[in-house]
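First the structure, in the form of structure tokens, and then the observations on it.
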Protein chains: 2
Amino acid sequence: MSKQPKYRQLADVLRREIEEGAYAPPNKRRLPSESELATRFDASRNTVRSGLALLVSEGLITSSQGLGYEVTRHEPFELNASRFENLNFPQHGDSYNTDVTNAGRKPHQTFRVEILPAPKDIAQRLRVEPDSRAVLRFCHRYVDNVPWSTQATYYPAWLADEAPRLAEPGDIEEGTTRYLAARGIEQVGYFDEISTRMPTPDEARLLEIGAGVPVLLWMRTGYSSERPIRCTITTFRGDLNRMNYEIGDQSVRSENGIQ
Amino acid sequence: MSKQPKYRQLADVLRREIEEGAYAPPNKRRLPSESELATRFDASRNTVRSGLALLVSEGLITSSQGLGYEVTRHEPFELNASRFENLNFPQHGDSYNTDVTNAGRKPHQTFRVEILPAPKDIAQRLRVEPDSRAVLRFCHRYVDNVPWSTQATYYPAWLADEAPRLAEPGDIEEGTTRYLAARGIEQVGYFDEISTRMPTPDEARLLEIGAGVPVLLWMRTGYSSERPIRCTITTFRGDLNRMNYEIGDQSVRSENGIQ
DNA sequence: TAGTGGTCTAGACCACCTC
DNA sequence: AGGTGGTCTAGACCACTAC
């Protein structure tokens, strides 16, 4: 066992105390101040800050100016990705809205439409030329006024020509999937890619993410029986979301409900 | 536009340079040294370190003592979760081994078996009493000698009684899924939960994860037609892995291969 | 041996929140 | 006004890597 630097020892002690619930809600979520900790651990304030920064980067605590350090709490919201838009469910926001409302929480979203050249990775998945025209429908979602996720759906130009309402700014009441189905374009399958990373500064701003919280990236490419028809990239706050997939026979699971 | 602190300005400039490929492989992945940057930005070394720490926490660069800062590179490995263990494929490691080998890379894994009380979240999913006996089969996987993921599979005690080889230390040649199927226990469906967070210190050590890299958590609960039979928790290095799901009709996708 | 990053200190001043 | 965290400095010494 090699000797650990002081700021790590300090972080280890505090991490332990946090895990044991010393600063557990609802009583005293606040940690002692930096100067108190400096005294307690016989370290300079900067060293204390290094230790606390470690815990912040692990997602255990957050800090705010003038207030202090608090232990984080999170109750993740679950999204059932395999059910998400099965025939019977409309797609755009509606499933999201009902899910959130059913959980007794308040949904809210902003929405916009753009027409732009398809980014390379999108173009590849939509199987169109890079930089060819695409329609982007972008959605910024909140739950209880907390930023939750962003969702960007790209449609290829040829599809927007066949289904012009895609490129119009307003919401599509019945959901885009239904709208497309009504025009003879049916989504028969999709391919999901899931990854994670730390947020870019832009993402951190949009989702109000602090240090120590990764994003969960979900990229879904939808197919008609002939070709790709859309590509949706959802960016979740990693501390607030979990994705589920049901595959095969699930009858046992639903019988005696594990939530 | 409010004034940004110096260390952020500095990070913004460097982030920009990195994105533009100024330090792109294969030539000069190394960034200038801290003292060079201190001169260039007219800042103290500590301020430079704050800026660099930001980029590290974003997963853009890493540092090593005596060497310097390098931009990270990653080519993620893709795991097809919906295909992973469909009837025809054996389960334990085998699918992993063939996948990795097919990608022209070298797989390696360590393995151990434990018998322990089931952790609360596992017990709930296996629908057994908390702290009742469970068999844990644990696997630590490497690709090209780089730690890749850990995988912990829990089986309930009643199942281990019916299928005693589960609790034996050795590998099960034909794969556990097949072994169980041969004893009349067939997995007919499963439920996947996917989430992300920063690694615990233990995980960071096992997976040799540096700052700024989250883990991708994959929890799969498998069901027979009567009840849950196993729960597998896989912990991936977020920078090296991506998960895929194929749902519905995928015939178009496979025709003209998007990899 | 020279250069790199890693740790640590002591002190200054600023920005924000609460009272 | 007083306490909190946020930024920044200047300097010291250590640990690792390269040559």
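Numbered from 1 within each chain, the chains take letters A, B, ... in sequence-line order. Please read all numbers here as calculations on a predicted model, not as lab measurements.
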Side chain of A/Ser63 (C-beta onward), nearest among D/dG5, C/dA10, C/dT4 | D/dG5

Taking B/Asn80 for its side chain and B/Ser82 for its backbone only, find out whether a donor-acceptor pair lies under 3.5 Å.
-> yes

Should the pair A/Arg125-A/Glu193 be classified as a salt bridge under the 4.0 Å nitrogen-to-oxygen rule?
-> yes

Taken to the nearest whole Å, NZ/B/Lys6 to P/D/dC8 is 7 Å

Calculate the interatomic distance between A/Tyr7 atom OH and C/dT9 atom P; express it in whole Å.
-> 13 Å

Respond yes when some side-chain nitrogen or oxygen of A/Ser50 is under 4.0 Å from OP1 or OP2 of C/dC8, and no when none is.
-> no

Is any side-chain heavy atom of B/Gln9 closer than 4.5 Å to a side-chain heavy atom of B/Lys3?
-> yes

Would you say the side chain of A/Arg45 and the base of D/dG6 hold a donor-acceptor pair, judged only by whether the two atoms sit under 3.5 Å apart?
-> yes

Among the candidates D/dT4, D/dT7, C/dC17, find the nucleotide nearest to the side-chain atoms of A/Glu36.
-> D/dT4

Would you mind reading off the distance between A/Leu55 atom CG and D/dG5 atom P, rounded to a whole angstrom?
-> 14 Å

Any side-chain heavy atom of A/Ile194 within less than 4.5 Å of one from A/Leu217?
-> no

d(NZ, A/Lys3; P, D/dC14) in whole Å | 13 Å

Expressed in angstrom and rounded to an integer, what is the separation of B/Leu10 atom CG from D/dC8 atom C1'?
-> 12 Å

With respect to the phosphate group of D/dT4, does any side-chain polar atom (N or O) of A/Ser33 fall under 4.0 Å of OP1 or OP2?
-> yes

Output the single nucleotide from C/dC8, D/dA10, D/dA18 whose closest atom is nearest the side chain of A/Ser44.
-> C/dC8

Under 4.0 angstrom between A/Arg49 side-chain N/O and D/dG5 OP1 or OP2 | no

Check whether any side-chain heavy atom of B/Asn244 sits under 4.5 Å from a side-chain heavy atom of A/Asp192, and report yes or no.
-> no

In whole angstroms, how far is the P atom of C/dT7 from the CD atom of B/Gln65?
-> 7 Å

Any A/Ser64 side-chain N or O less than 4.0 Å from OP1/OP2 of C/dC17 = no

Between atom CD in A/Glu34 and atom C1' in C/dG11, what is the gap in whole Å?
-> 15 Å

Check every atom of D/dG6, C/dT9, C/dG5 against the side chain of A/Thr47 and return the nucleotide holding the closest atom.
-> C/dT9

Contact nearer the 5' end of DNA chain C, comparing B/Gly66 with A/Arg8 | B/Gly66

Protein-nucleotide distance (B/Arg30, atom CZ; C/dT4, atom P), rounded to Å = 8 Å

